[in-house]
Amino acid sequence: EPIGVFDSGVGGLTVAREIMRQLPEESMIYFGDTARVPYGSKSKDTIIRYSRQIVNFLLSKGVKAVVVACNTASALALTELQREYIVPIIGMVQPGAVAAMKATKNKNIGIIGTNATIKSGQYGTYLRKMDPKVTVVTKACPLFVPLVEEGLIDDRITEDMVSRYLREFRQYDIDSLILGCTHYPLLINPIQRFMGDGVTLVNPAFEVAKCLKQLLKEDGMQAEKGHVARYEYYVSDLADQFLTFADRVLPCRVDSVQ
Ligand code: DGN
């Protein structure tokens, strides 16, 4: 049985990529809600409703577990989804927060994400649950999403935006920064350059794949050894743009999108 992975659009492919790398024998069904992206500017109720529809779709395809590969949907809808479904569902926020807590020495942690993710305060909630003394500094960076989707990764305009958004972190002595949006791992180079080597960048996409591996092992749900993984992709609009982005991000070619 495959793993179901969904995102508001193309960004979740950074999560799919980590799952392919860390769990190469697992088949995957990816759903990108490209017709209704972005989720980052929508209300909680709407995000829950969209997420529920997508989980129902993935379950109709027979998935054994679901990864909410969108930080916004994880921050706003995960608790609700976990309450409603019996299939294991995991999201980005908790794995990201746990990794940041492990990485930090001075307990000053920065978080960047969409407006909705930052407003939800979910990353901070998890961090403070682990250590009430942690200092959390947050910043919404909504313009990173279109820059990445336009392929402007090593571009002056992106460097400019990185410095505008992240400048204020310099006043705080943060030593780790959570990349709390699916697109931001693709900006790892300009962000690291700006923040300097003293700041550890935490990639929740990498962490959620690790958690998924652990979960499948604990529940005895892993694919058989030597199983050849199959990947299926579904989008709610504009398959062409999805394909272009997938070519840039994934380690393998995408033959068709439905
Ligand atoms: N996938 C979204 C996230 O990780 O928050 C970013 C894209 C969006 O919906 N704005």
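In listed order, ligands and their atoms are each counted from 1. Everything numeric in this text was worked out from a predicted model, so none of it was measured. Sequential numbering from 1 along the given sequence is applied to the chain's residues.
Polar contact with ligand 1: present for N71 (N/O pair, distance under 3.5 Å).
For the side chain to side chain contact (heavy atoms under 4.5 Å, CB included) test with D237, the passing option among D33, V37, T34 is T34; the others fail.
Which parts of ligand 1 touch Y39 is read off a 4.0 Å heavy-atom cut-off, strictly below it: atoms 8 (C), 9 (O), 10 (N). When each atom of ligand 1 is checked for a heavy atom of T114 under 4.0 Å away, the hits are 5 (O), 6 (C), 10 (N). Which parts of ligand 1 touch P38 is read off a 4.0 Å heavy-atom cut-off, strictly below it: atoms 8 (C), 9 (O), 10 (N). Close contacts of ligand 1 with D7, meaning ligand atoms under 4.0 Å from a residue heavy atom, involve 1 (N). Heavy-atom contacts of S8 reach the following atoms of ligand 1: 1 (N), 2 (C), 7 (C), 8 (C), 9 (O) (cutoff under 4.0 Å). Of all the atoms in ligand 1, the ones that sit under 4.0 Å from a non-hydrogen atom of T182 are 1 (N), 2 (C), 3 (C), 4 (O), 6 (C).
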Audit row: L186, F245, side chain to side chain contact (heavy atoms under 4.5 Å, CB included) steps and yes/no: CA-CA 11 Å; L186 298 170; F245 196 81; 3.7 Å; yes
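Side-chain contact of N56 with Y85: a donor-acceptor pair under 3.5 Å is present, judged by distance alone.
The aromatic ring centroids of Y234 and F57 lie less than 6.0 Å from each other.
Using a cutoff of 4.0 Å between basic side-chain nitrogens and carboxylate oxygens, E159 and R193 are scored as salt-bridged. Using a 4.0 Å cut-off between charged nitrogen and carboxylate oxygen, K210 and E207 count as a salt-bridge pair.
Atom CD1 of residue I178 and atom OG1 of residue T200 lie 11.5 Å apart, to the nearest 0.5 angstrom.
Looking at atom 5 (O) of ligand 1, its nearest protein heavy atom turns out to be T72 OG1, 2.5 Å. Annotation: atom 2 (C) of ligand 1 to nearest protein heavy atom, C70 SG, 3.5 Å.
Distances shorter than 4.0 angstrom occur between a heavy atom of C181 and an atom of ligand 1.
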